[in-house]
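Right, one structure below, let's go through it.
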Amino acid sequence: MSVWRALRTAWTALFQHSRSESELEEELRLHIADRADDLERFGLTRAEAERRARLEFGGYEKFKEECREATGTHFFEILAQDIRFGLRMLRKSPGFTAIALTTIALGVAANVSVFDFADALFLRNVAAKDASRLVRIDAPRKDGGDFFSYPEYAYLKDHTKTLESVAAHYSTAPLYVTANGETGEIQGAVVSANYFTMLGVQPFLGRFFTADEDSVPDRDAVAILGYGLWQRISGGDPKIVGKLLKINGRECEVVGIAPPDFQGVEPGGTPNEIWIPSMMIRTGYRYCDAFDPGCTMFRLMARVAPGKSDPEAQAEIGTLMQQLRQYSAAFDEHLGVSVKPAKGISGDRSYFVLLSQLLAAIAGLLLVVVCANVGGVMIARGASRKAEMAIRLTLGAGRGRLVRQLLTESLILALTGGAFGVLLSMWSSRFLADFYSVDDEGYAHLLNVGLNGRVLGYSIGIALVAGLLFGLLPAWQTSGTDLNQALKTSGSARAAARSKTRTALVTMQLALSLALLVGAGLLVMSGRTLEARSNLDVRHVVGLRLRPELLHYRAQQARAFDAEVAQRLGEVPGVESVSLAKAQGLVWHANIPAAMKLPGEKYAPNTSELIVRDKPIGPNYFATLRIPFIAGRDFADADRAGSPAVVIVNETLARRISQSALPLGQTVILDDKAYQIVGVVTDAEIRSAIDPPVAVAYRAFWQDDSLLDARLCVRVSGDPAAAIPSLRAAIAHVNPNIPVTETMPLSDQVRGAYTDTRVAGAVLSTAAALTLVLSAVGLYGVIAYDVNQRQREIGIRMALGAQRIEVVRLLVRQGLFATSIGVASGTALALITCRLLSTWLFGVQPYDASVFLAAATVLFVTAVAASYIPARRAMRVDPMVALRYE
Amino acid sequence: MSDQAQILPGTLDLLILKAVSLGPLHGYGILLRIEQISRGALLIEQGALYPALFRLVRQGLLKANWGTSENNRRAKFYELTAAGRKRLREELDGWNRLATAIGAALSAKPEEA
């Protein structure tokens with residue numbers, strides 16, 4: 001049968017159902033009437049003739065059913081019938097329907113959001129024409145980076161035969177744009193001229209870069225503005241094309257405007273708003289000479305040539321990289337090459353893979369709880385539909401037919417709930433993605449979540465799975481109505497079986513609740529201990545970054561600027577203390593490794609104990625961040641270039657140097673230079689539970705001439721966010737041209753640093769709260785149902801002198817029994833959860849007994865409440881009424 | 001009743017095709033025609049006719065149209081399609097061969113075995 005014919009049959013079944021049904025009726029009736037006429041002609045009375053005609057015709061309903069079956073509309077007709085009936089049943093109990101739909105919507109929304117999030121992270125194409133042929137070329141370096149230098153890019157571009165075009169882009173360029181007399185930091189990209197053409201993007205106004213503009217270093221100062229930036233700085237004035245803008249101190253001509261929907265090629269990264277050609281890389285990048293073979297900052301994107309495959313390209317690029325090694329040792333830094341489709345975020349994904357797995361596991365557990373919950377209620381509902389099932393069985397419906405009917409109801413519920421879930425997920429996906437909208441340096445990130453075909457397909461799939469999960473067991477149980485028992489009013493054995501199934505489902509929900517509660521508890525504690533145990537107080541501290549290096553300031557100039565800013569900020573009203581540190585982060589990412597030894601020792605290569613974190617800081621750093629001193633002194637203004645080199649060590653490092661005594665006054669060799677230890681401070685590091693303590697050597701900032709850019713920490717008396725404008729003004733007073741970035745309360749940076757723990761914590765807490773409520777409702781339902789079923793027994797007990805309180809105790813005990821089993825099995829589950837969570841924990845041990853205890857207590861209290869409320873109703877049972885009931 | 005025979009399974013379709021091959025008929029008409037051509041020798045459960053008719057329509061061997069019956073009732077008339085006519089020929093051939101073969105087999109004398 002062709003698809004078209006199947007569709008037509010289905011259409012007829014669903015919408016012309018009543019017509020074909022009445023025609024069938026008419027045809028069969030005509031037969032009987034004709035026959036009766038004939039029989040009457042043979043001399044029977046009319047009544048007798050009609051009776052005989054019907055008798056001769058045989059089983060009228062049976063043949064009608066066979067006719068329906070024969071037309072082939074049968075399947076769809078039954079489906080249509082089931083759907084109509086199911087909708088009617090759901091309309092009949094709006095309370096149940098509303099609660100079930102809400103529950104399902106929550107479960108589906110959680111799963112869809114996680115999928116949506118993962119889809120945005122891993123599967124979505126970059127905004128480009130024919131994006132499926134775009135690839136990213138990655139070559140991890142021995143030092144952990146994965147960028148290319150310009151000479152590497154040039155060599156690959158000139159020699160490749162498998163790639164149609166290769167573009168280089170440095171998409172995290174902080175560009176200082178001066179427009180209308182104001183300077184602001186804009187996230188820009190430094191790109192090769194073929195970047196836009198390779199992507200197939202068309203300019204909104206003007207043009208993109210020409211190949212000639214990208215052929216001589218530093219010659220062509222041209223720029224393309226993002227649509228949003230153009231609107232902001234000129235209100236969308238088209239005359240901006242051809243005008244000059246200052247970018248990082250260099251005058252650049254605006255040649256074009258990018259289309260509104262184009263924000264670069266790094267989904268999940270910082271959206272780009274301004275582009276300059278790769279020959280202008282020295283304007284956008286200052287850390288090394290940007291055309292040096294060892295100076296890497298570019299990522300490569302390419303379009304695979306027609307007829308070539310990704311693996312072929314990967315093999316070829318690998319060979320080309322090998323060839324490069326003969327030219328310079330600087331090219332010998334890569335560990336291998338990969339060419340992969342340009343989908344999702346670039347770079348190392350392992351962290352996000354881990355996070356997605358965790359979120360998927362949480363959402364999956366939530367869905368299981370949702371299904372157990374709805375399934376339990378459906379079983380209870382099935383009990384009240386015993387009579388209906390019995391009648392349908394008597395009328396000749398098979399069990400399969402009943403299961404099908406009941407499953408159809410479940411699927412209607414699942415799909416409707418799923419539809420609401422999809423609506424809800426639009427909000428909850430945004431909620432998830434928003435955690436990643438700002439990074440630990442305060443830069444905006446853009447992760448595009450939202451519905452697409454894949455997400456929608458997944459939603460339907462997950463709703464159907466849910467429908468089957470919560471529908472199959474109740475359908476089987478409900479349809480298994482024993483006729484004999486159903487006709488007698490008390491099918492107590494079956495009721496008991498039903499109650500057992502429901503209790504088992506509730507126990508499972510309780511077990512999962514415990515696991516989720518423990519997980520949520522651990523993550524919440526993590527957040528708390530993070531502050532308490534880090535030995536830092538960042539609550540009233542503002543962090544900011546001075547970047548004179550971006551404007552090519554010479555060392556002396558830059559350091560004079562840093563010093564003056566630090567001094568002026570100290571004079572601002574409300575500022576308590578000011579300090580500064582090397583640009584790599586104040587309390588996070590203090591990760592410049594240095595080799596350390598004691599005088600006379602030899603370096604033993606590959607001994608991790610000798611690697612310490614080197615962190616240059618200014619005086620007052622410890623006071624500003626409230627890091628306690630153990631012994632010795634802080635750096636002073638006298639510790640500057642020319643004075644004896646000094647170092648302050650943290651406790652971990654002090655203990656490595658000497659187990660017995662504080663190593664004050666001791667000399668240590670750091671990267672071949674001798675320093676004298678003048679102080680010991682407590683460990684003040686934000687680290688996860690599985691990271692070992694880090695040995696830190698704090699050097700004096702002012703003793704290291706090579707440091708130009710600095711991060712400042714400023715302790716204020718009030719709200720740090722409110723203090724930022726006056727701090728900015730004080731810096732502008734010193735020099736308004738120097739870029740000041742990453743200005744924000746330091747607590748925001750710290751929060752950005754453990755976003756993943758916060759996401760996991762928020763999601764896990766929500767899921768734990770939901771499952772707790774659901775299992776409480778489930779337990780309540782079971783006990784309430786039980787009270788109803790056992791009225792007679794309770795009546796007898798009371799008639800025989802049982803105290804009301806004893807009856808209540810009996811019922812509550814039943815609830816507690818289920819809870820105990822739930823807690824026991826939940827503990828096992830929670831142990832697994834803890835293992836999985838250990839990466840996300842800060843400062844807490846994964847097997848924290850207090851968290852387990854607290855979670856179990858919460859569960860028991862909830863269970864007592866959920867059992868007591870319906871059990872109290874049992875007290876009101878009047879023995880006489882209960883006994884007379886039957 | 002003893003002179004009436006239950007029809008063999010599968011032969012009802014053939015009888016229906018044969019009955020309508022002589023002209024469009026409604027359901028009851030088909031029943032009468034079958035009784036007439038079998039001279040009342042075949043017993044059909046009357047209702048069973050209809051599922052068979054619906055099946056044949058679905059197989060494209062019959063087509064059905066609403067019309068007016070001889071006693072002015074609205075009735076559904078069945079007639080053969082081209083495919084139905086072809087099928088009837090094939091079935092008749094097959095049936096005749098089978099009947100001849102079975103007849104020959106049953107009338108075989110011991111010495112021929």
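Values reported hereafter were calculated over all heavy atoms of this structure, with side chains retained and with hydrogens, waters and symmetry mates removed. Chain identifiers are assigned alphabetically (A, B, ...) following the order of the sequence lines, protein sequences preceding nucleic acid strands; residue numbering begins at 1 within each chain.
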* Structure fact -> From the list B:Gly29, B:Ala52, B:Ala48, B:Ala75, the residue making the most non-hydrogen contacts under 4.5 Å with chain A is B:Ala48
* A:Asp38 and B:Leu32, any side-chain heavy atoms less than 4.5 Å apart -> yes
* Structure fact -> If one checks every heavy atom of B:Leu31 against chain A at 4.5 Å, the contacting part turns out to be side chain
* **Between CD on residue B:Gln46 and NE2 on residue A:His31, distance to nearest 0.5 Å** => 4.0 Å
* **Aromatic plane relationship, A:Phe57 with B:Tyr50 - under 30° parallel, 30 to 60° tilted, over 60° perpendicular** => tilted
* Structure fact -> One should read off an interatomic distance between A:Leu30 CG and B:Arg74 CZ, to the nearest 0.5 angstrom, of 10.0 Å
* To do: Give a yes or no on this: more than 12 heavy atoms of other residues, nucleotides or ligands lie within 6.0 Å of atom CZ of B:Arg87.
  => no
* Does CZ belonging to A:Phe96 count more than 12 external heavy atoms closer than 6.0 Å? -> yes
* Within-4.5 Å side-chain heavy-atom neighbours: A:Asp37 and B:Arg73 -> yes
* Flag the pair A:Ile32 / B:Tyr28 as yes when at least one side-chain heavy-atom distance between them is below 4.5 Å, and no otherwise. => no
* Structure fact -> In short, B:Pro51 meets A:Cys67 closest at the heavy-atom pair N-SG, 3.5 Å
